[in-house]
A.B. asks: 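The structure under discussion is supplied below as structure tokens; questions concerning it will follow.
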Protein chains: 2
Amino acid sequence: MAPKYLQVAGQIESDIIHHVYQKTNKLLTEDEYAVKYQVSRNTVRKAIDILVNKGYVYQVQGSGVFIRNHHNRGHVNLERLQGVTNDFSDRLVENKLLDFKLIEADEDLAVNMGCKAGTSVYYVKRLRYVDGDPFSIETSYFNKDLVKYLDENIVKKSIYNYLRNDQKLAIGFADRIIGADYLTSEQADLLGLKANDPALVVDNTVCLTNGAIFDYSQSVHHFKHVKLLKVSNMKGS
Amino acid sequence: MAPKYLQVAGQIESDIIHHVYQKTNKLLTEDEYAVKYQVSRNTVRKAIDILVNKGYVYQVQGSGVFIRNHHNRGHVNLERLQGVTNDFSDRLVENKLLDFKLIEADEDLAVNMGCKAGTSVYYVKRLRYVDGDPFSIETSYFNKDLVKYLDENIVKKSIYNYLRNDQKLAIGFADRIIGADYLTSEQADLLGLKANDPALVVDNTVCLTNGAIFDYSQSVHHFKHVKLLKVSNMKGS
DNA sequence: AAGTGGTCTAGACCACCGT
DNA sequence: CGGTGGTCTAGACCACTTC
């Protein structure tokens, strides 16, 4: 059973997506949601906080909660892991499996994954397409002590959906380090670009709720097709 | 008077930075902070939420709040606007003013700033250095209807510190769109790189608490010196 | 002055971690 | 089992916007 504030957030999010508030461009008041969903006002506020952080709305004290217009322009929202699968749910996301094997972590990888050298890790290399265009090259490592099982069929689809829904993995938090770099000629071939073209590179470190690193990965994105979106809230600084 | 949860968050943040919890790598319990600061537990939780979002700590139900080890590696934390000034407070941040003038917004700029064409906007172009290395080229536009005054002296220092502290501007939220692109030869000269080298490009749209856009800017970052950091929390999806 | 979001409290009960 | 974080409530009062 999902907590109430998530249920309420989901309902309101669905309303926004289906343009229920298009006339006023404004949500209902907190008190109105409290009555509507039979929850306390604090629970409503927690739900709205989630929508604020996802970039759907902004709050103005004394006035209301307003819908943000330029929310979706094909950007990958950094607020969600699993960006491509979520943000492009209305587009065709495909994966081409380039490599898949079980290996032992060397010294460098062990440092990045916070494990001992020699630990068994799944190695997955995929080329991801959106609407038929090459989108990014994703090289991932999964600690086998934590991710007990993977196979080619799973890996061709959404790995995270499997880990969360089937393996019931308690995914907690992630660091992402974002930079730019040259494309190697091999990467350029895969993405349909030229060697030394720019690349948008994201290093991911993903942890379980108990802090253990189960996934370390690097995504090399097509610089023309991929823009990341970060929405920030200045409250709390 | 800052709200209590911000004060508490500031205190604990300071404790973390000064290695008060180094022995255990763990914060005090929520109840202990509630007693220590004479606030309710909910206020403590709100303070800790801020530290979670800033990437200082992570929470484990039933166990405690733990400090994250690899927090600072010279990255620009996307959780804060004013990244360079904050994240590199222990390093030398300098600005070279390349251009500064009052102009009228053309059609394109007006669209980006949500204002009418012909609106007066300050135009600021700066080259930013960290520890003497060229770091990024920042091209900014400020709506003069909202940012009443700027001059060369202010612009050579931290614009945001001035707007927040002196002009008491109520800064609310921001969108950032992150991508990679080629460097132009002019940009390459400024950054000490070569034309067509990669660049990490960030477009900013910054709004007041009432939703009005007061700042639109583009930062072109040195791809070797700049990495952005995003910490994510999987709670609430 | 009325409406609406922002802060804060005190307390209840649940879920999970560790011993 | 006790300790600790997670969810939720009902209500009070403040700050800001709108009229």
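All chains are named by letter (A, B, ...) in the order of the sequence lines, taking the proteins before the strands, and each is independently numbered beginning at 1. Atoms considered below: every heavy atom in the structure, side chains included; atoms not considered: hydrogens, waters and symmetry mates.
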A.B. asks: Do B:Lys125 and B:Glu138 sit within salt-bridge range, that is, some charged N less than 4.0 Å from a carboxylate O?
C.D. replies: no

A.B. asks: Whole angstrom is fine here: how far is it from CD1 in B:Ile48 over to P in D:dT7?
C.D. replies: 14 Å

A.B. asks: Rounded off to whole Å, could you give me the CZ-to-C1' distance for the B:Arg45 and C:dT9 pair?
C.D. replies: 15 Å

A.B. asks: Would you give a per-nucleotide map of nucleotides 11-19 of chain C, 5' to 3', where B means the base has a protein non-hydrogen atom under 4.0 Å away, S means only the sugar-phosphate does, and - means neither?
C.D. replies: BB--BBB--

A.B. asks: Taking NZ from B:Lys168 and C1' from D:dA15, how many angstroms apart are they, rounded to a whole number?
C.D. replies: 17 Å

A.B. asks: With a 4.5 Å limit on heavy-atom distance, are the side chains of A:Val121 and A:Phe142 in contact?
C.D. replies: no

A.B. asks: Regarding B:Arg68 and A:Asp175, does a basic nitrogen lie under 4.0 Å from an acidic carboxylate oxygen?
C.D. replies: yes

A.B. asks: Would you say A:Arg176's side chain and A:Val202's backbone share a donor-acceptor pair under 3.5 angstrom?
C.D. replies: no

A.B. asks: On DNA chain D, check which nucleotide each of A:Thr43 and B:Val65 is closest to and give me the residue with the more 5' one.
C.D. replies: B:Val65

A.B. asks: C:dT7 phosphate, OP1 or OP2: any side-chain N/O from B:Tyr5 under 4.0 angstrom?
C.D. replies: yes

A.B. asks: Which parts of residues 20-32 of chain A get close to DNA chain D, meaning a heavy atom less than 4.0 angstrom away?
C.D. replies: none

A.B. asks: Could you give the CG-to-P distance, from A:Leu6 to D:dG6, as a whole number of Å?
C.D. replies: 13 Å

A.B. asks: Just how far, in rounded Å, is C1' of C:dG5 from OH of A:Tyr58?
C.D. replies: 14 Å

A.B. asks: In whole angstrom, give the distance that lies between atom NZ of B:Lys4 and atom P of D:dC14.
C.D. replies: 13 Å

A.B. asks: Can you tell whether the side chains of A:Arg41 and A:Glu30 come within less than 4.0 Å, N to carboxylate O?
C.D. replies: yes

A.B. asks: Find the distance A:Asp49:CG to D:dT7:C1' and express it as a whole number of Å.
C.D. replies: 14 Å

A.B. asks: Of A:Asn112, A:Thr139, A:Asp203, A:Asn204, which meets side-chain hydrogen bond (donor to acceptor under 3.5 Å, both in side chains) against A:Gln218?
C.D. replies: A:Asp203

A.B. asks: Return the CG to CG distance between A:Leu146 and A:Asn143, rounded to the nearest 0.5 Å.
C.D. replies: 4.0 Å

A.B. asks: Taking only N and O in the side chain of B:Lys46, is any of them less than 4.0 Å away from OP1 or OP2 of C:dC8?
C.D. replies: no

A.B. asks: Give the intermediate values and the outcome of side-chain contact (heavy atoms from CB on, under 4.5 Å) for residues B:Asp49 and B:Gln59.
C.D. replies: CA-CA 9 Å; B:Asp49 276 350; B:Gln59 296 163 294; 4.2 Å; yes

A.B. asks: I need the OH-P distance between A:Tyr37 and D:dT9, as an integer number of Å.
C.D. replies: 14 Å

A.B. asks: Tell me, please, which residues at least two apart from B:Glu107 pass side-chain contact (heavy atoms from CB on, under 4.5 Å).
C.D. replies: B:Ala117

